[in-house]
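Letters A, B, ... are given to chains in the order of the sequence lines, protein chains preceding strands, and every chain is numbered from 1.
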Number of protein chains: 2
Amino acid sequence: MTTQHMTTQQLTRNQGLVFDVLSHSGSPLSAYSILDKLRDSGFRAPLQVYRALDKLLEFGLVHRLESINAFVACAHPEDGCHAHGLTAFTICETCGKVDEFHDHVIEDRLKGFAKDRNFKTGKTTIEIRGTCAGCA
Amino acid sequence: MTTQHMTTQQLTRNQGLVFDVLSHSGSPLSAYSILDKLRDSGFRAPLQVYRALDKLLEFGLVHRLESINAFVACAHPEDGCHAHGLTAFTICETCGKVDEFHDHVIEDRLKGFAKDRNFKTGKTTIEIRGTCAGCA
DNA sequence: ATTGTGAATGTAATGTTATTACATCAATTG
DNA sequence: CAATTGATGTAATAACATTACATTCACAAT
């Protein structure tokens, strides 16, 4: 199985259920609130959620928001998001709305910084918490 | 009390103890490992640590690393770090070493993005996890 | 058909991180 | 000295995440 061009069709049942819940949520969800939403579908334990999330993260269908311990569906899951390089987020602390963006200048700048220091970059997190236009 | 030009002299006992532990640690510490290190100094409960950390964060003497749920002393606490604007971090996943840096280009870029979207920026997190030069 | 393999699942228990609630103490000020 | 404010002590609980182990499923090789 390749993780390229992954579509929601080839997900397992649990992965599909978790992705579905995230896709239909207007805001990020914690693993435990996903679990609660999936009790009726047979979910019983956190691990079922975390395992599905791990795969979805790997496929690039879901993002983890480190600063709020929550998960959100990728804004453009068609191509698995991995294609777009570094992803940054704005997170509205009032309504929970998350916007995703990609900035090559920032990406190059961080790459340059890492290279200068011989730092081998793994995963990079950029998250801006604040208030969105609608909530201002 | 002003939070400008805060020096370690004006910290309370608990704040001072926590700051001291972080300052002398070569790598970030979780709240609970700080607690463990301060048992002998009379700490008994997590809240003692979290309260001190809250203040130290407010003073700009300490940073929270969101992606690893840990805390680190500011690299230049003389001026409370707040003076330097946005702070970004590299975090070595092997040895725990953290480097702090400030990049105006990235800062301006994020500011511009927020402004374009009428997003009112609160706190911004930039963290690069990977492997440092020494551990490569 | 059978068996071997790897991925996914089910379940319980536990570990880790953070907060709420409430009582007390200390410093400052009016 | 009363009133207020900030800091502290303690217990309990909430929220987030992982370990361990048994089982099941899909599928390829025999």
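- Taking the six-membered ring for Trp and thresholds of 30 and 60 degrees, B:F101 and A:F113 have nearly parallel ring planes, at less than 30 degrees apart.
- Side-chain contact check for B:R64 and B:T125: no donor-acceptor pair (N or O, by modelled atom type) lies under 3.5 Å.
- Atom pair B:F43:CZ and D:dA7:P shows a separation of 13 Å (rounding to whole Å applied).
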With sugar-phosphate taken as primed atoms, P, OP1 and OP2 and all else as base, the protein-contact string of nucleotides 15-20 of chain D at under 4.0 Å (heavy atoms; B, S, -) is -BBBBB
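- Between A:F71 and the options A:L57, A:L56, A:L65, A:V21, a side chain to side chain contact (heavy atoms under 4.5 Å, CB included) holds for only A:L57.
- Rounded to an integer number of Å, the gap from CG of A:L35 to C1' of D:dA14 is 15 Å.
- Using a 4.5 Å heavy-atom cutoff, the side chains of A:F19 and A:P77 are in contact.
- Atom CG in B:L17 sits roughly 15 Å away from atom P in D:dA7 (whole-Å rounding).
- The side chain of B:T12 contributes an N or O atom lying less than 4.0 Å from OP1 or OP2 of D:dT8.
- The distance between atom CG of B:L38 and atom P of D:dT8, rounded to the nearest whole Å, is 12 Å.
- Taking atom CZ of B:R44 as the reference point, atom C1' of D:dT8 lies 13 Å away to the nearest angstrom.
- To the nearest angstrom, P of D:dA7 lies 14 Å from CG of B:L53.
- In this structure, the CD atom of A:Q10 is 12 Å from the P atom of C:dA8, given to the nearest Å.
- The phosphate of C:dG10 (OP1 or OP2) has a side-chain N or O of A:Q48 nearer than 4.0 angstrom.
- A:K115 is linked by a side-chain contact (heavy atoms from CB on, under 4.5 Å) to nothing, counting only residues two or more places apart in sequence or in another chain.
- Residues passing the ring pair (Phe, Tyr, Trp, His ring centres under 6.0 Å) test with B:H104, sequence neighbours excluded: none.
- Closest to the B:N14 side chain, of the nucleotides D:dG9, C:dA8, C:dT11, is D:dG9.
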